[in-house]
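Structure record follows, encoded as structure tokens.
Treat the numbers as computed from the prediction; the structure is a model and nothing was measured. In the text below, chain A, chain B and the rest are named by the order of the sequence lines, each starting its count at 1. Worth knowing before you read on, the calculation uses all heavy atoms, side chains too, and leaves out hydrogens, waters and symmetry mates.
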Amino acid sequence: MHVACPLAADLDAALRTAAAAAGWADAADFQPDVRAADPRHADFQANGVLPHAKARRLNPRALAEQLVAALPPELRATCTVTVAGPGFINFTLQPEALLAWLRAHATAEQLRAACAGGAAGTWVVDYSSPNTAKQMHVGHLRSAVIGEALCRLLAFTGATVVRDNHLGDWGTQFGKLIYGYKRWADPAALAADPIEELERLYKRGHEATPEGSPELEEARRELVRLQQGDPENVALWRKFSEVSLGAFQRIYDRLGIRFDHNLGESFYNDQVERVYTELTAAGIAEVSEGALVVFHPEHPRFKTQPFLVRKADGASNYASTDLATALYRTEHFGAAGIVIVTDFRQSDHFEQLFLTVRKWFTARGYRLPELHHVTFGAVTGEDGKALKTRSGDVIRLKALLDEAEERAFALVTTKSPELPEAERHAIAAAVGVGAVQYADLAQNRSSNYVFSWDKMLSLDGNTAPYLLYAGARIHSIFRRAGVAPEDATALAAADAPATPAELALARRLIRFPDAIRQARETLRPHLLCLYLFELAGDYSSFNNADKVLVDEPAVRARRLLLCARTLLVLETGLHLLGLRPLRRM
RNA sequence: GCGGUGAUAGCUCAGCCGGAUAGAGCAACGGUUUUCUAAACCGUCGGUCCCGGGUUCGAGUCCCGGUCACCGCGCCA
């Protein structure tokens with residue numbers, strides 16, 4: 001017998017049909033509002049009867065009873081339906097329906113199919129985007145980690161994702177850096193730690209070129225030479241970029257990030273002229289105080305707060321390059337969506353940018369992609385100010401990841417001293433770096449983030465190790481059982497979930513597509529983190545309450561089935577967050 | 001001044017389109033192991049959801065007013 005497992009969308013459709021079958025005069029207007037329910041009450045609840053009844057001055061409980069009576073018998077076979085409170089309709093899935101879902105979602109591909117439909121076409125995601133010739137510090141972590149998770153979520157739900165690192169590789173700072181480099185570069189230091197040396201040279205160049213000094217004039221001339229294509233300066237600039245990208249990639253490797261493109265600001269240098277021309281021709285931009293600016297008369301604030309797209313001296317700025325970038329992404333990649341991940345302080349800039357792009361593209365008849373600015377709160381010190389170590393330097397990302405791995409290594413060695421050292425190091429890398437990533441992802445991105453080593457490196461509670469540990473325990477059970485989690489024959493005899501812990505776990509598993517949908521729609525990975533934490537909690541409770549490897553074949557098979565599906569969902573989810581699951585820890 | 005974001009347990013935070021008794025983790029205290037990894041599980045303690053109004057069957061959630069914090073607002077990116 002084949003028993004299907006109805007989910008929210010199926011119940012929604014069934015209720016609409018029932019409204020018509022019950023003879024409601026305005027059944028077409030009925031919005032069932034089916035959603036996942038508090039597990040204490042049901043699997044799903046429909047709240048839509050209350051507002052519907054209210055608008056028509058009818059008794060909501062009576063309406064709800066009519067709907068329930070009009071539901072098709074097939075549905076009643078798969079779930080228990082009750083009316084509760086003022087008129088909620090509760091749906092509790094029968095264990096056989098849960099079993100049907102578990103059987104139907106055996107592979108990553110089947111899981112993905114259940115989650116597809118969120119995004120389509122090409123989505124360009126602009127994240128990380130550090131400045132070249134500088135170290136990455138903890139302030140760079142959020143964009144990289146959140147951006148990568150969003151890329152994976154978008155790809156998982158059907159988009160073709162283009163990962164674009166929009167490097168800050170062009171601008172006035174290069175004049176000072178070249179000035180410093182030509183005078184004080186130390187080849188040995190450059191070979192040992194290039195970024196460190198470039199930072200030193202920039203600082204030295206900056207200090208040696210105070211405002212109004214002849215030295216500053218010389219630094220500016222270096223910049224002009226670079227922009228005019230002077231071979232020596234261009235070669236130096238290229239070297240700075242290469243060295244920087246190499247250092248960045250060592251960080252990205254640890255975070256599981258690989259960009260498709262590194263199209264920095266310099267790439268758009270010769271594309272801004274078209275922006276000026278088209279914006280001016282369309283009457284969108286105007287000259288004000290010598291600069292080319294865009295006002296938005298329909299906007300309460302931007303009708304007077306200008307968007308400067310070209311400076312009075314004729315030079316481009318980041319608005320110019322961001323406009324050129326939006327055009328390039330649309331024309332070259334055919335972007336259906338553009339997601340830019342930066343901190344909240346740039347909200348005004350991107351709001352103005354998007355308003356301008358919409359008018360510009362509409363005026364020219366260009367395809368208009370969906371535009372999203374994904375913001376996140378600042379990382380601050382305990383005082384709410386910019387982050388510093390005790391010595392006054394910013395905390396380097398490399399140092400943070402190193403510290404995380406060291407702490408994790410000490411813990412692995414305590415917990416699992418029998419494992420070979422190389423494996424303990426590999427586990428420590430996944431646990432330590434994963435903890436740092438997860439600490440960032442698990443918090444709602446819009447709130448500010450007070451940095452603390454203990455919080456970032458915590459290994460208890462709602463943290464990466466808790467999720468990784470649940471997975472490692474499942475692998476351990478399969479090792480003991482002598483079967484692979486993908487081995488369907490070991491699961492064939494499974495019957496429906498029966499114990500409270502089994503049922504709670506199965507009910508959590510079927511909600512995975514809903515969690516994915518929410519995280520994707522809101523571009524908020526913490527909703528996926530929350531789900532995975534609850535899943536790992538339900539699994540841990542199950543693991544504690546019900547022994548898997550028992551003698552009765554049906555019980556053993558159904559618990560192995562739950563383990564296999566938990567593992568599949570957990571590892572899929574961890575991967576979407578950019579974390580690496582572990583088989584042992 | 002205008003605008004954005006935030007304020008929920010001692011601490012760090014969830015709370016999705018208004019929905020049922022506001023939830024986790026940490027910390028504190030107590031319990032669970034001859035049994036698949038105790039990095040676990042179970043329990044106890046802990047709340048003026050910043051303040052004041054409003055909308056309604058129902059408000060942490062929406063609206064209005066206020067307080068505090070961080071941030072943005074003409075040539076940095």
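- Listed by residue number, A:Tyr466, A:Tyr469, A:Ala472 are the residues of residues 465-472 of chain A with a heavy-atom contact under 4.0 Å to RNA chain B.
- Take A:Glu521 and apply the side-chain contact (heavy atoms from CB on, under 4.5 Å) test, not counting sequence neighbours, and it matches A:Arg517.
- Not counting sequence neighbours, the partners of A:Glu486 by the side-chain contact (heavy atoms from CB on, under 4.5 Å) test are A:Ala484.
- Each side-chain hydrogen bond (donor to acceptor under 3.5 Å, both in side chains) pair with one or both residues in residues 522-532 of chain A, not counting sequence neighbours, appears once here: A:Asn444-A:Arg524.
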Please tabulate, one pair per line, each protein N/O and nucleotide N/O from nucleotides 60-68 of chain B that are separated by under 3.5 Å, including the distance.
none

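- Contacts of A:Arg424 classified as salt bridge (charged side-chain N to carboxylate O under 4.0 Å, His left out), with partners at least two apart in sequence or in another chain: none.
- Sorted by first and then second residue, the pairs that involve residues 462-486 of chain A and meet ring pair (Phe, Tyr, Trp, His ring centres under 6.0 Å), not counting sequence neighbours, are A:Tyr466-A:Phe533.
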Counting primed atoms plus P, OP1 and OP2 as sugar-phosphate and everything else as base, spell out the protein contacts along nucleotides 3-17 of chain B at 4.0 Å heavy-atom distance: B, S or - for each nucleotide, 5' to 3'. SBSS-----SSSSBB

Let me have a per-nucleotide readout for nucleotides 20-31 of chain B, 5' to 3', with B, S or -, counting only protein heavy atoms under 4.0 Å. B--SSS------

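- For A:Glu423, the salt bridge (charged side-chain N to carboxylate O under 4.0 Å, His left out) partners are A:Arg584, not counting sequence neighbours.
- When the ring pair (Phe, Tyr, Trp, His ring centres under 6.0 Å) test is applied to A:Phe30, the partners found at least two apart in sequence or on another chain are A:Trp24, A:His52.
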Taking only Watson-Crick and G-U wobble pairs with both distances under 3.5 Å, what dot-bracket line describes RNA chain B, where [ ] shows pairs that cross earlier ones and | shows pairs with another strand? (((((((..((((.....[...)))).(((((.......))))).....(((((..]....))))))))))))....

